[in-house]
> 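Encoded as structure tokens, here's the structure I'll be asking about.
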Amino acid sequence: MSRTTRITQVATVGIRVTDQQKAIEFYVGELGFEVRRDVPFGDGRWIEVAPPGATTTVALVPEGVVSC
């Protein structure tokens, strides 16, 4: 039995981090990503980074935040 997916695109992938600022320094400073979004979110921040020109972003999710 062959199955196919209906997923055609991934917009954002979340990665848990212990320190959002250090994560930004790594992804931007070391890997050359750019910050796409950095906005207040609850008691913290919602941060997304991505390689230049990429359509998929990486959300730097602080540890302790419950995800769906």
Side-chain angles (χ1 to χ4, degrees):
M1 175 183 219
S2 177
R3 293 185 182 195
T4 59
T5 182
R6 293 182 184 195
I7 298 170
T8 59
Q9 182 178 3
V10 174
T12 304
V13 175
I15 296 180
R16 291 185 188 268
V17 298
T18 56
D19 184 317
Q20 286 180 308
Q21 193 57 44
K22 285 185 181 179
I24 289 172
E25 291 168 11
F26 173 74
Y27 280 94
V28 174
E30 299 294 323
L31 299 182
F33 284 29
E34 56 191 19
V35 176
R36 296 278 181 88
R37 185 168 287 123
D38 186 348
V39 296
F41 184 76
D43 293 334
R45 297 156 60 191
W46 182 262
I47 302 168
E48 292 180 26
V49 296
T55 57
T56 302
T57 62
V58 175
L60 304 175
V61 181
E63 279 190 350
V65 172
V66 178
S67 61
C68 301

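Numbers for residues simply follow the sequence, beginning at 1. Keep in mind that this is a model prediction, so the values were computed, not measured. Values below: all heavy atoms of this structure, side chains included; hydrogens, waters and symmetry mates excluded.
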> Against Ile47, only a single residue in Thr57, Val17, Asp38 fulfils side chain to side chain contact (heavy atoms under 4.5 Å, CB included); can you say which?
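Among Thr57, Val17, Asp38, the one that satisfies the side chain to side chain contact (heavy atoms under 4.5 Å, CB included) with Ile47 is Asp38.
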> For Gly32 and Pro52, which heavy atoms make the closest approach, and how far apart are they?
O-CD, 3.4 Å
> For residues Leu31 and Ile15: do they belong to one hydrophobic cluster (side chain heavy atoms under 4.5 Å, members Ile, Leu, Val, Met, Phe, Trp, Tyr)?
yes
> So which heavy atom on Trp46 is nearest to which on Ala59, and how close?
CZ2-CB, 3.6 Å
> For a quick test of reading the model, state the closest non-hydrogen atom pair linking Gly53 to Arg36 and the distance between them.
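Scanning both residues, the minimum pair turns out to be N-NH2, 3.6 Å.
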> Is there a side-chain contact between Ile24 and Arg45 in this structure, where contact means two heavy atoms from C-beta onward sitting under 4.5 Å apart?
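Yes; the side chains approach each other to less than 4.5 Å.
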> Would Val61 end up clustered with Val35 when hydrophobic side chains under 4.5 Å apart are linked, directly or stepwise?
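Val61 does not cluster with Val35.
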> Work out which heavy atom in Leu60 is nearest to a heavy atom in Ala23; give both atom names and the distance.
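Taking Leu60 first and Ala23 second, the nearest heavy atoms are CD1-CB, 3.9 Å.
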